[in-house]
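We name chains A, B, ... by the order of the sequence lines, and we start the count at 1 in each one.
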Amino acid sequence: MHWFRKGLRIHDNPALIEALADCRYIYPVFCIDPHFACPDRVGVNRYSFLLECLHDLDQNLRTLGTRLYVIKGKPELEIPRFIRDHDVDLLTFERDTEPYATKRDSSIRDELVSSPSKGRKTVVVSSHCSHTIHDPEQYLSLCGGNIPRTYQSFIKLFEQASAPRIDLPPPTGDMVPDMSAADGCNSSYDVPALDEVGYAGFAPSRKYIGGETEALERLRRFVTAKERASWVRGFEKPSTSPNSIDPSTTVLSPYLKFGCLSVTKFYNELEKIVRGHEHSKPPVSLHGQLLWREFFYFSSYVTPNFDRMIGNPQCKQISWDRDAAIVRAWEMGQTGYPFIDAIMNQLRTEGWIHHLARHAVACFLTRGDLWQHWEEGVRVFDIYLLDDDWALNNANWQWLSASNFFYQYFRVYSPIAFGKKTDPTGEFIRKWVPQLATFPAKYIYDPWNAPLGIQRSSNCIIGTDYPLPIVDHDTASKTNMGKMKTAYQMQSSAAAEEVPRSTTAAKRRKADPVAPADGIEKKVNLTAFFKKSKS
DNA sequence: TTGGGAGTTGTTCAA
DNA sequence: GTTGAACAACTCCCA
């Protein structure tokens, strides 16, 4: 049995290949987990995208002579049940390092390992790391407990790691056994419809279609097609537009999130395109984007409580507000800043927004303007993003709120000026904030400054048809900068007081309150921590 | 130990 | 239109 969770593909799937080797029957299984099938936590667009991935996977598996067996319920109960019912003796899956997944998987592993004691046959459990280029454990052992906190130092670690794997081709039909004796025609294992999994009455956008077939086609269209080579070689993320009507980047992130596209394959394809040519470099290149993903996965793996401020030793402790009405106004595109509202409307509607658009709205919600907790931003992005990824979402919110990784809190995005650079006439705003569709370009980023006559002739009275600004940006951002300064100072002095023995110890403690002063001890401590967290 | 340099992607204004 | 300084000054890394 191969259990699909992420990694919803047949290409470059080492765990699937292992399951297929010398098997009498093969059961490719996906379990609909009620933890995720929940509109409050996973928006309809992402769930619909997932079901499309499953349909595509089912089709691809049928071409090989088997199918996808979709079961429903808590995996901790349903996976062992399926294994018993189908007399499975080998379970394979792709390793998942998120806390929810590690807990789930170790519980299932424990249950299966204890099978003999319950009078059942032994089940071998085998997992493979293929969601990231390298196993985070490899980085951990290479760095010897000296965890990189910056992208550049992570790159050095990446360069010390083994060469990325050669990505595996999809299995062929002759690797799949005759499944006619298995219950492959049982329709109770079919991919369910949205309304069967708690999304009755929800209408997905379907702007981006899920699945491996679509992922590989998109990779071809945007990356590997001959005519794309110069674009790929010249790619620099900061010079792509956050507010173009058509996405200015590849939008492969949702496919990486679900593993419809292997990150290793993506990396190797990029290598082929840039090798022997002049090309952009990390951090801004396309390669660089995959290395950011790698860096944040590793950071999330080695940092306790990575999805929280409290208990997260790398995270600045800041007294953010939590005002439900303010967060809600931001979420629903009602801040009165058209650039911010347009982005949030695009997010809720289509599930994908440009990386720099994420920067703008995240800065606005936290240290820039509204002073709301970054965890609230994580929660909202968790609902709406197609590419929502636990490690990346939490890392980026910490970055943008200047809580971790990035500390130049005095660099604040302007909700008025930033978007003008790439869209001076406000076409993006006209599309996503239709009340402002006929507003003159001069005022479209700050419509409250338009004379009443212009508001009237544009059929949009600010304060009536579209909100007044929720805060004054100039005032709020200056006030917040002061709060950041105070928060940073308090953290420094608290750290210095905590360990007055030496400046080095104090500095280290400040950076990592749970770490012992000595590097070797730190390594031992980390190892102990991982053992503990795995168990 | 310490000081300087670098840091994915800020803004504004003057030259 | 482009470039560089000022804004006020952060942390991490490494020599």
Side-chain angles (χ1 to χ4, degrees), chain A residues 143 146-158 234-244 248-249 280-296 299 303 313-318 339-340 353-364 366-369 392 395-396 398-422 424 445-446 473-493 495-496 501-513 515 517 519:
Chain A
C143 75
N146 189 19
I147 309 288
R149 307 290 179 201
T150 65
Y151 184 76
Q152 295 304 337
S153 51
F154 175 77
I155 293 289
K156 286 177 188 158
L157 190 60
F158 182 83
F235 184 92
E236 292 190 351
K237 187 63 159 280
S239 53
T240 59
S241 168
N243 49 0
S244 53
S248 60
T249 51
S280 55
K281 302 275 170 16
V284 296
S285 64
L286 273 172
H287 273 104
Q289 306 312 302
L290 299 183
L291 299 184
W292 279 107
R293 180 176 182 272
E294 208 74 2
F295 174 41
F296 286 153
S299 297
T303 309
Q314 293 307 315
C315 185
K316 292 281 182 192
Q317 303 297 303
I318 296 169
F339 179 59
I340 300 298
I353 53 178
H354 186 277
H355 186 64
L356 288 179
R358 302 179 198 205
H359 276 218
V361 297
C363 183
F364 188 86
T366 56
R367 67 188 167 86
D369 294 81
L392 310 188
N396 278 307
Q398 286 171 65
W399 183 294
L400 262 300
S401 62
S403 299
N404 194 358
F405 307 109
F406 171 86
Y407 307 97
Q408 291 160 285
Y409 58 77
F410 36 86
R411 289 191 180 173
V412 175
Y413 288 90
S414 161
I416 300 161
F418 184 65
K420 284 185 183 174
K421 286 189 285 189
T422 42
Y445 282 87
D446 54 344
H473 171 70
D474 288 338
T475 315
S477 58
K478 282 196 178 69
T479 307
N480 291 349
M481 246 182 255
K483 288 186 190 170
M484 289 300 288
K485 186 177 179 179
T486 308
Y488 272 39
Q489 280 173 346
M490 277 174 68
Q491 192 129 348
S492 301
S493 53
R501 288 173 301 172
S502 79
T503 44
T504 305
K507 272 186 181 172
R508 277 191 194 153
R509 185 67 55 152
K510 189 174 71 176
D512 187 350

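Distance noted for atom P between dT8(B) and dC7(C): 25 Å (whole Å). Distance noted for atom P between dT11(C) and dT11(B): 22 Å (whole Å). Comparing dG7(B) with dA9(C), their C1' atoms are spaced 14 Å from each other, to the whole Å. Taking the C1' atom of each, dT12(B) and dG1(C) are spaced 16 Å apart, rounded to whole Å. Distance noted for atom P between dA6(B) and dA8(C): 24 Å (whole Å).
Using the six-membered ring where Trp is involved, Y445(A) and F339(A) have ring planes that are tilted, between 30° and 60° apart. Ring geometry, F418(A) versus Y413(A): the interplanar angle exceeds 60°, so the pair is classed perpendicular (tilted spans 30 to 60°).
No donor-acceptor contact under 3.5 angstrom links the side chains of H355(A) and T249(A), judged on distance only.
The pairing partner recorded for dG1(C) is none, the criterion being a Watson-Crick or G-U wobble arrangement whose two distances lie under 3.5 angstrom. When both distances must be under 3.5 Å, the Watson-Crick or G-U wobble mate of dT11(B) is dA6(C).
Put simply, the side chain of R358(A) gets close to the backbone of I353(A): a donor and an acceptor are under 3.5 Å apart. No donor-acceptor pair under 3.5 Å is formed between the side chain of N404(A) and the backbone N or O of Q398(A).
Note on K485(A): every side-chain N or O is 4.0 Å or more away from OP1 and OP2 of dA8(C). The side chain of K478(A) contributes no N or O atom lying less than 4.0 Å from OP1 or OP2 of dA8(C).
As a whole-Å value, the separation of M484(A) CE from dA9(C) C1' is 13 Å. Counting to the nearest Å, the P atom of dC7(C) and the CE atom of M481(A) are 13 Å from each other. Distance Q398(A) CD to dT11(C) P: 16 Å, rounded to the nearest Å. Look at CZ on R367(A): it is 14 Å from C1' on dT11(C), rounded to the nearest Å. What separates CG of N480(A) from C1' of dA9(C) is a distance of 17 Å, to the nearest Å.
Between F295(A) and F158(A), the distance from one ring center to the other does not fall under 6.0 angstrom.
For the pair K316(A) and Y488(A), the cation-pi test (distance below 6.0 Å, angle within 45°) is passed.
Within the 4.0 angstrom heavy-atom criterion, no nucleotide atom of any strand lies near K420(A). Heavy atoms of P242(A) sit nowhere under 4.0 angstrom from any nucleic acid atom.
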(request) Using a 4.0 Å heavy-atom cut-off, write out nucleotides 6-15 of chain B from 5' to 3' as B (base contacted by protein), S (sugar-phosphate only) or - (no contact). (result) -BBBBSS---
